[in-house]
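Below is one structure; the comments refer to it alone.
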Protein chains: 2
Amino acid sequence: MAQTNLERQVETRLREHEIRLTEGRRTLIQALGKADGPKSAADLHSRLGDQVPLSSIYRSLSVFEDAGVVSPHYSTKGVTRYELAEWLTGHHHHLVCVNCGVVEDIEIDDRLETQLEAIVEEIGRDVSFAPVDHALEIDGNCRQCQ
Amino acid sequence: MAQTNLERQVETRLREHEIRLTEGRRTLIQALGKADGPKSAADLHSRLGDQVPLSSIYRSLSVFEDAGVVSPHYSTKGVTRYELAEWLTGHHHHLVCVNCGVVEDIEIDDRLETQLEAIVEEIGRDVSFAPVDHALEIDGNCRQCQ
DNA sequence: GTTGCAATTGATAATGAGAATCATTATAGT
DNA sequence: ACTATAATGATTCTCATTATCAATTGCAAC
Ligand SMILES: [Mn+2]
Ligand SMILES: [Mn+2]
Ligand SMILES: [Zn+2]
Ligand SMILES: [Zn+2]
C-alpha cells in the first residue's frame with residue numbers, strides 16, 4: 001500500500017522524536033485525515049472497530065499530542081476531541097451545533113482571516129497580552145438542525 | 001446585609017424557575033461576581049473553604065446552568081469552569097495563558113466587537129450555518145508569563 | 001535476514017471530575 | 001407556627017482518561 005503524503009509528514013515528525021509509526025498509529029492517522037472535525041477516542045474506536053483497542057487509541061493520541069501531530073479540543077462537555085495539527089491541515093476554525101453537538105471544521109477565506117488576526121493583535125496590544133494563537137468558535141444551528 | 005444588584009437579578013431569574021436562593025447559593029453568586037474569569041468547582045471550594053461543601057458547589061452550579069445564571073467553559077483540560085451568564089456580565093471574550101493556564105475575561109470595544117460579528121455573520125452565510133453565539137479565545141502569554 | 005533491544009501493545013486496574021442518592025434540614029407561602 | 005417542597009451534604013456511583021506491566025513488535029545494526 002502506497003504511503004500517503006500525510007503519512008510521510010507524520011512519519012518524519014515522529015522519527016525526530018524517536019516515536020515509531022506502527023500499524024495501529026497509521027490507521028489512526030488515516031482516520032483523522034478523513035475526519036471533517038475533531039474526534040474523540042470513542043468516536044475513533046467506534047469507527048475503527050477492534051482494529052485498534054480503546055486503550056491504545058488513548059495512548060497514541062497522547063503520544064501524537066506530545067509530538068505535535070494532533071491538537072486536543074476541549075470545547076465540548078466531558079470529552080476531549082483530537083484533530084490533526086494545523087501544520088498538517090492548515091489553520092481553520094470550528095462550528096459547534098448547539099442542537100446536535102457536532103463540531104465541524106471551517107476554513108475561512110484570507111480576507112476574513114486577515115481581519116480576524118488584526119482584531120486579535122489589537123486586543124493583545126490593548127491588554128498587554130502576547131497572542132500566539134486564536135480560536136473562533138461559532139455556536140449555532142447546523143444545516144441539519146435548522 | 002444589603003442585597004446587591006446582581007443578587008436581585010439572580011433571585012428574580014431563579015424565582016421564575018421555582019429555585020430557591022439559599023445562603024450557600026448566595027455565597028457562590030458573590031464569589032462568581034468577584035471573579036476575573038471562569039472558575040471551577042474546585043477553585044470556588046478552595047476560595048470558600050468549608051462554607052459550601054464541594055458536592056453542593058457542583059449541584060448548585062448545575063442548577064444555575066439550567067436556569068441560565070451561569071455558563072460553563074470547557075476550554076481547558078479536565079475541568080469545567082463557570083462564570084456568570086452574559087446577560088449578567090455583558091458579552092466578553094477570553095485570554096488563555098499557554099504557560100500558566102489562567103483564563104481571563106476581556107471586554108473588547110464596540111468597534112472590534114462589531115467587526116467580529118460581521119465576520120461571524122459572513123461565515124454563517126457562506127456555509128449555511130445559523131450563528132447564535134460566538135467565542136473568540138486568544139491563546140498567548142499573560143503579563144506575568146511574558 | 002537475523003539479532004538485540006528499546007518502543008509499543010493491550011488487557012486490566014487505578015484515578016479523578018462530576019453526577020446521583022437519600023435521609024435530614026432549610027425555605028417560603030399561608 | 002405549619003406544611004409542602006426544595007436544598008443540603010456525606011457518601012456512593014459513573015465514566016472518561018491514565019497508569020501498569022508482561023508479552024509483542026519495529027527498527028537499525030550487523
Ligand atoms: Mn478542526
Ligand atoms: Mn468570562
Ligand atoms: Zn446540528
Ligand atoms: Zn500566564
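In this text, all values refer to a predicted model and were calculated from it rather than measured experimentally. For the numbers below, each heavy atom of this structure counts, side chains included, while hydrogens, waters and symmetry mates do not.
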Measure the distance from [atom1] on [X] to [atom2] on [N] and round it to the nearest whole Å.
| X | N | atom1 | atom2 | result |
| --- | --- | --- | --- | --- |
| A:His17 | C:dT8 | NE2 | P | 12 Å |
| B:His45 | C:dG16 | NE2 | P | 17 Å |
| A:Leu48 | C:dG10 | CG | P | 12 Å |

Pairs satisfying side-chain hydrogen bond (donor to acceptor under 3.5 Å, both in side chains), at least one member in residues 40-51 of chain B, at least two apart: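 Output for this query lists B:Ser40-B:Asp43.
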Five-pair end axes of the helix from C:dG1-D:dC30 to C:dT30-D:dA1 and the angle they enclose, rounded to 10°: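 Between the first-five-pair axis and the last-five-pair axis there is 50°.
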Listed partners of A:Glu113 passing side-chain hydrogen bond (donor to acceptor under 3.5 Å, both in side chains), at least two apart: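 Partners of A:Glu113 by the side-chain hydrogen bond (donor to acceptor under 3.5 Å, both in side chains) criterion, ordered by chain and then number, come out as A:His91, A:His93, A:His134.
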Residues forming a side-chain hydrogen bond (donor to acceptor under 3.5 Å, both in side chains) with B:Arg59, sequence neighbours excluded: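 Here no residue qualifies.
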Min side-chain heavy-atom separation A:Phe64-A:Leu14 under 4.5 Å: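 A:Phe64 reaches A:Leu14 side chain to side chain.
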Could you work out, with side-chain contact (heavy atoms from CB on, under 4.5 Å) as the rule, every residue matching [X], not counting sequence neighbours?
| X | value |
| --- | --- |
| A:Glu16 | A:Thr12, A:Arg13 |
| A:Arg15 | A:Glu11 |
| B:Asn5 | B:Arg8, B:Gln9 |
| A:Asp105 | A:Pro38, A:Glu83, A:His92, A:His94 |

DNA chain D contacts among residues 53-80 of chain B, heavy-atom distance under 4.0 Å: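 Close to the strand are B:Pro53, B:Ser55, B:Ser56, B:Arg59, B:Ser60, B:Lys77.
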Pairwise 5' ranking along DNA chain C for A:Ile19 and B:Ser40, keeping only the more 5' one: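 Between the two, 5'-proximity favours A:Ile19.
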Sequence-distant partners of B:Asp36, salt bridge (charged side-chain N to carboxylate O under 4.0 Å, His left out), two or more places apart: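 So B:Asp36 forms a salt bridge (charged side-chain N to carboxylate O under 4.0 Å, His left out) with B:Lys39.
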Salt bridge (charged side-chain N to carboxylate O under 4.0 Å, His left out) partners for A:Glu122, two or more places apart: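 In terms of salt bridge (charged side-chain N to carboxylate O under 4.0 Å, His left out), with neighbours along the sequence ignored, A:Glu122 is linked to B:Arg111.
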Footprint string (nucleotides 25-30 of chain C, 5' to 3'): B base within contact, S backbone only, - free, heavy atoms under 4.0 Å: -BB---
